[in-house]
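In what follows, a structure is listed as structure tokens, so that the remarks can point back to it.
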Amino acid sequence: MGKVAALLARARSVPHFGIGLKRIGFELAEVPKEKPNEDDVLVIWNRLATTDPHAKRYEAVGARVIVVEHGWIGKHTYAVCLGQHNGAGWWPVGNVSRWPIFGIEEKPYRTKGEHILVVPQRGMGIPPVGMPRDWLEKTLPQLEKATNRPIMVKHPASREEAVEPYFKDCHATLIWASGAGIKSIVAGCPVFYGMEAWIGRMAASPLELADLEYPNTDPWQRHYMLHRLSWAMWLPHEIESGEPFERLLDAR
């Protein structure tokens with residue numbers, strides 16, 4: 001048996017990944033190897049407590065762990081990185097931005113807004129990527145002391161509801177780390193974030209509530225962040241070509 005890519009759970013149920021991996025010479029398996037070799041690959045959907053032990057076993061012998069997830073913005077996009085999800089992983093960044101291929105309009109940063117939008121998430125992932133369970137509970141009292149602005153919370157239970165309408169009249173969005181933050185930045189609504197390695201951090205501000213009135217609205221930093229993000233996010237036909245996997249595996 002040659003190079004084997006084990007696809008776990010949801011990574012296996014999205015056909016684009018298997019098609020792309022087979023195209024670049026991998027055989028597919030539904031269970032991880034107990035004794036992988038360095039040519040093998042493990043593909044997981046997010047890096048969760050249930051899959052982290054397998055990932056560590058592969059990494060211990062020099063095998064690569066590819067973490068896939070839904071893209072942070074846009075329809076039918078997927079993120080493909082090494083080691084972690086939500087921007088905490090690694091991927092090679094090209095010289096020319098791929099951002100235009102997604103056809104998403106960047107709106108100018110707004111000059112005024114009223115409320116603060118807080119968007120917690122479901123806390124998927126192992127530390128430090130997963131949102132701490134008490135993040136919202138701790139953040140809201142601090143926020144109420146730091147600002148007189150109205151505070152609006154969009155709870156994870158309403159994740160099927162689009163977040164974009166909440167940006168109307170919004171001064172800034174507070175997140176731990178999520179695609180809602182990327183959508184907010186692209187909509188021209190600045191962001192404060194909690195997770196240090198979050199994908200959008202270069203165009204946002206660390207969650208230091210004393211600075212709420214002075215969020216990051218630098219268009220050049222947004223441009224660079226989207227350039228970098230664009231090399232981690234792929235369309236289905238690109239994934240089926242195998243290119244995202246080849247880039248990850250050839251670079252390291």
Side-chain angles (χ1 to χ4, degrees), residues 4-14 17 21 29-38 40-73 77-93 118-139 154-157 159 174-183 191-202 204 206-207 225 228-229 231-234 239 244-245 248-249 251-252:
V4 177
L7 283 75
L8 302 192
R10 194 166 183 180
R12 183 170 64 248
S13 68
V14 177
F17 302 128
L21 287 160
E30 295 186 358
V31 295
K33 285 185 175 181
E34 286 300 321
K35 294 182 178 180
N37 63 61
E38 63 180 9
D40 293 323
V41 167
L42 179 67
V43 184
I44 54 179
W45 185 277
N46 296 323
R47 187 158 180 164
L48 309 177
T50 53
T51 53
D52 185 52
H54 300 302
K56 288 177 177 174
R57 189 168 70 251
Y58 272 65
E59 290 168 338
V61 298
R64 266 71 63 88
V65 175
I66 296 177
V67 185
V68 296
E69 59 185 309
H70 283 304
W72 300 283
I73 190 170
T77 62
Y78 297 94
V80 183
C81 302
L82 281 181
Q84 262 292 3
H85 65 279
N86 221 351
W90 181 89
W91 64 97
V93 178
V118 182
V119 186
Q121 59 200 77
R122 290 174 289 164
M124 294 178 64
I126 59 173
V129 175
M131 187 187 79
R133 293 183 181 275
D134 60 354
W135 181 80
L136 182 62
E137 180 183 349
K138 287 184 175 179
T139 299
K154 183 185 185 300
H155 288 282
R159 63 183 179 273
L174 269 64
I175 61 163
W176 170 254
S178 67
I182 300 300
K183 294 178 178 72
V191 167
F192 291 85
Y193 65 93
M195 187 187 94
E196 184 177 352
W198 177 54
I199 183 71
R201 64 188 180 278
M202 295 174 182
L207 187 50
M225 181 274 289
R228 183 171 175 269
L229 174 150
W231 283 96
M233 199 168 75
W234 301 83
I239 293 171
F245 304 119
L248 289 179
L249 300 175
R252 279 197 166 187

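As the structure is a computational prediction, the values presented were derived from the model and not from experiment.
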In short, side-chain hydrogen bond (donor to acceptor under 3.5 Å, both in side chains) pairs touching residues 4-14 with sequence neighbours left out are R10-H70

Check N46 against T51 and note the closest heavy-atom contact, atom names and distance. O-OG1, 4.0 Å

Would you check if P206 and F192 make a side-chain contact, meaning some heavy-atom pair closer than 4.5 Å? no

The criterion is ring-ring contact (aromatic ring centres under 6.0 Å, His included); which residues satisfy it with W91, sequence neighbours excluded? none

Kindly indicate, with the supporting measurements, whether the criterion side chain to side chain contact (heavy atoms under 4.5 Å, CB included) is fulfilled by M131 and I175. CA-CA 9 Å; M131 187 187 79; I175 61 163; over 6 Å; no

Flag the pair W198 / V191 as yes when at least one side-chain heavy-atom distance between them is below 4.5 Å, and no otherwise. yes

Going through the checks in order, is the side chain to side chain contact (heavy atoms under 4.5 Å, CB included) test met by L82 and V67? CA-CA 6 Å; L82 281 181; V67 185; over 6 Å; no

Just wondering, do P92 and L248 contact through their side chains at under 4.5 Å, heavy atoms? yes

Keeping the roles fixed (side chain from R47, backbone from G83), state whether a donor-acceptor pair exists under 3.5 Å. yes

Using side-chain heavy atoms (C-beta onward) and a distance below 4.5 Å, is H54 in contact with L8? yes

Is the shortest heavy-atom distance from the side chain of L7 to the side chain of W45 under 4.5 Å? no

Check: L136 and H155 side chains under 4.5 Å, non-hydrogen atoms: yes

Kindly say whether K183 contributes a backbone atom to a donor-acceptor pair with the side chain of W72 at under 3.5 angstrom? no

With a 4.5 Å limit on heavy-atom distance, are the side chains of Y58 and V65 in contact? yes

Closest heavy-atom pair and its distance - M225, G200: CG-CA, 3.8 Å

Between the side chain of N86 and the main-chain N/O of A177, is any donor-acceptor distance below 3.5 Å? yes

Would you say the side-chain atoms of R64 pair up with the backbone N or O of L249, donor to acceptor, closer than 3.5 Å? yes

Mind listing the closest non-hydrogen atom pair of I182 and L229 along with its distance? CD1-CD1, 4.0 Å

Compare every heavy atom of F17 with every heavy atom of A11, then report the nearest pair and how far apart it is. O-CD1, 3.4 Å

Can you check whether P128 reaches E196 side chain to side chain, under 4.5 Å on heavy atoms? no

Taking all atoms of both residues into account, what is the closest heavy-atom pair of P120 and K154, and its distance? CD-O, 3.2 Å

Can you tell me if Y193 uses its side chain to pair, donor with acceptor, with the backbone of I199 under 3.5 Å? no

